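Contents: one structure, followed by commentary.
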Amino acid sequence: MLLLRSIKQKLQTSGFDLCHPIHTAWYNHMIQNEGLVESGALKLLPELSPSIIQSNEVECDGDSSGCVLPSSYNAVLIGNTKAVWPSFIDWLAMKVEEKKRRQDS
């Protein structure tokens, strides 16, 4: 769960405060039952086997054995609540200032 913890920490600094491990089979089953695949509204996600990501590919809080999501998961669902707004407003203000500086030059 070190990989998931690392992902959560990095995303939270940008306001993405929802981060949950899932398996894409769950999502595929849900959208098929809702008729969203048949209607063409959504497409199925690949149902890949859960993978092991070696520690040299991603920061794993110093664990040299590699990072592993639990075997029942193969994806991470990422989202946000209103917690994203402060980060978004800061980013937007920075972009506005950059544009002003370019126009003034």
Side-chain angles (χ1 to χ4, degrees):
M1 293 302 278
L2 290 173
L3 174 60
L4 184 60
R5 189 173 350 149
S6 177
I7 291 170
K8 282 183 177 184
Q9 289 172 347
K10 289 177 182 179
L11 289 171
Q12 282 181 343
T13 62
S14 298
F16 292 92
D17 55 341
L18 303 175
C19 184
H20 300 285
I22 65 168
H23 195 287
T24 53
W26 163 81
Y27 171 82
N28 289 341
H29 179 72
M30 184 183 70
I31 65 172
Q32 283 176 317
N33 284 346
E34 296 289 327
L36 298 169
V37 175
E38 188 175 309
S39 72
L42 295 173
K43 294 183 179 183
L44 296 175
L45 294 174
E47 292 185 25
L48 305 172
S49 299
S51 62
I52 297 173
I53 300 174
Q54 297 301 320
S55 61
N56 62 351
E57 296 176 28
V58 68
E59 290 183 29
C60 299
D61 299 331
D63 183 356
S64 61
S65 64
C67 298
V68 182
L69 284 176
S71 61
S72 58
Y73 309 126
N74 70 348
V76 178
L77 179 67
I78 298 169
N80 64 279
T81 63
K82 64 182 179 180
V84 77
W85 285 106
S87 295
F88 175 72
I89 297 298
D90 291 345
W91 173 85
L92 187 58
M94 179 184 69
K95 292 297 180 184
V96 168
E97 287 301 315
E98 286 175 6
K99 187 174 181 179
K100 283 181 183 177
R101 280 194 297 272
R102 281 192 302 253
Q103 290 174 342
D104 290 343
S105 339

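Just so you know, these numbers use all the heavy atoms, side chains as well, and skip hydrogens, waters and symmetry mates. Small disclaimer: the values here were computed from a predicted structure and weren't measured.
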With the 4.5 Å side-chain cut-off for hydrophobic clustering, are [X] and [Y] part of the same group?
{"X": "Ile78", "Y": "Met30", "answer": "no"}
{"X": "Tyr27", "Y": "Tyr73", "answer": "no"}
{"X": "Val96", "Y": "Met94", "answer": "no"}

To the nearest 0.5 angstrom, please state how far the [atom1] atom of [X] sits from the [atom2] atom of [Y].
{"X": "Asn80", "Y": "Asp17", "atom1": "CG", "atom2": "CG", "value": "6.5 Å"}
{"X": "Cys19", "Y": "Lys10", "atom1": "SG", "atom2": "NZ", "value": "12.0 Å"}
{"X": "His23", "Y": "Leu77", "atom1": "NE2", "atom2": "CG", "value": "14.5 Å"}
{"X": "His29", "Y": "Glu34", "atom1": "NE2", "atom2": "CD", "value": "10.0 Å"}
{"X": "Ser6", "Y": "Leu11", "atom1": "OG", "atom2": "CG", "value": "9.0 Å"}

Next item on the list: Take atom CD of Glu98 as the centre, draw a 6.0 Å sphere, and report whether it contains more than 12 heavy atoms from other residues, nucleotides or ligands.
Entry: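 Enclosed: over 12 neighbouring heavy atoms sit under 6.0 Å from CD of Glu98.
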Note to self: Distance alone, cut at 3.5 Å: any donor-acceptor contact between the side chains of Glu47 and Asn74?
What the structure shows: no
With the side chain counted from C-beta on, respond yes when [X] and [Y] share a heavy-atom pair under 4.5 Å apart, and no when they do not.
{"X": "Leu4", "Y": "Lys8", "value": "yes"}
{"X": "Leu2", "Y": "Arg5", "value": "yes"}
{"X": "Trp91", "Y": "Val84", "value": "no"}
{"X": "Ile22", "Y": "Val76", "value": "no"}
{"X": "Ile31", "Y": "Leu44", "value": "yes"}

Margin query: Which heavy atom of Ser87 sits nearest to which heavy atom of Gly15, and what is that distance?
Written below: OG-N, 3.7 Å
Next item on the list: For Pro46 and Thr24, work out which heavy atoms get closest and say how close.
Entry: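 Where Pro46 meets Thr24 most closely, the heavy atoms are O-OG1, 2.7 Å.
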Margin query: Looking at Asn28 and Leu45, would you say the former's side chain and the latter's main chain have a donor-acceptor pair under 3.5 Å?
Written below: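 Side chain of Asn28 to backbone of Leu45: a pair is present.
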